[in-house]
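Worksheet: one structure, shown below.
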Amino acid sequence: MDPALITAWATVAIAASTVIVGGATCFLIWRGLKAMDRSSDERARDRRAAADELKAWRDDMKTWRDDQKAWREADVRRHEESMTALRALIQRTGPAAPAE
């Protein structure tokens with residue numbers, strides 16, 4: 001076999017393997033970048049969902065605090081009304097003041 005022909009085939013084989021290895025490398029890098037992009041999008045969605053859940057929780061807590069305040073105010077008002085009624089009852093049913 002002619003050495004020039006062997007050299008030509010070796011050059012073709014080296015070029016083909018370089019193209020194949022380079023193409024595979026580019027494909028793997030492209031797949032990795034796409035996976036990173038999907039992962040980044042998922043994290044962003046998770047962060048938005050967590051922020052929405054936190055806002056809903058804060059709104060619930062504010063509503064709960066407002067309700068608690070209203071209940072406490074109603075309790076104080078009922079207590080004051082009960083004490084006023086109790087004082088009136090004690091005055092009506094208490095012993096008469098001693099006559100001097």
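- Note on I6 and W9: same hydrophobic cluster, where clusters join Ile, Leu, Val, Met, Phe, Trp and Tyr whose side-chain heavy atoms are under 4.5 Å apart, directly or indirectly.
- With side-chain heavy atoms closer than 4.5 Å counting as contact, directly or through intermediates, the hydrophobic cluster containing M61 also holds L54, W57.
- Panel note: side chain S40, backbone M36; no donor-acceptor pair is recorded below 3.5 Å.
- Residue E80 holds its CD atom at 11.0 Å from CG of D75, rounded to the nearest 0.5 Å.
- For T18, the side chain to side chain contact (heavy atoms under 4.5 Å, CB included) test picks out I14, with sequence neighbours left out.
- R78 and S82 are not linked by any side-chain donor-acceptor pair at a separation below 3.5 angstrom, with hydrogens and angles left out of the test.
- A distance of 11.5 Å separates CZ of R47 from CD of E42, quoted to the nearest 0.5 Å.
- In this structure, the separation between CZ on R72 and CG on D67 is 10.5 Å, given to the nearest 0.5 Å.
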Does R87 form a side chain to side chain contact (heavy atoms under 4.5 Å, CB included) with T84? I'd like the steps, not just the answer. CA-CA 5 Å; R87 283 187 201 97; T84 302; 4.2 Å; yes
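- Expressed to the nearest 0.5 Å, how far CZ of R65 lies from CZ of R58 amounts to 10.5 Å.
- Residues I90 and M83 share a hydrophobic cluster, clusters being chains of Ile/Leu/Val/Met/Phe/Trp/Tyr side chains in contact below 4.5 Å.
- Of the candidates D59, D66, D60, K62 forms a salt bridge (charged side-chain N to carboxylate O under 4.0 Å, His left out) with just one, namely D66.
- Without hydrogens or angle criteria, T7 side chain to P3 main chain gives a donor-acceptor distance under 3.5 Å.
- Here the CD1-OG1 distance, from I20 to T25, works out to 11.5 Å after rounding to the nearest 0.5 Å.
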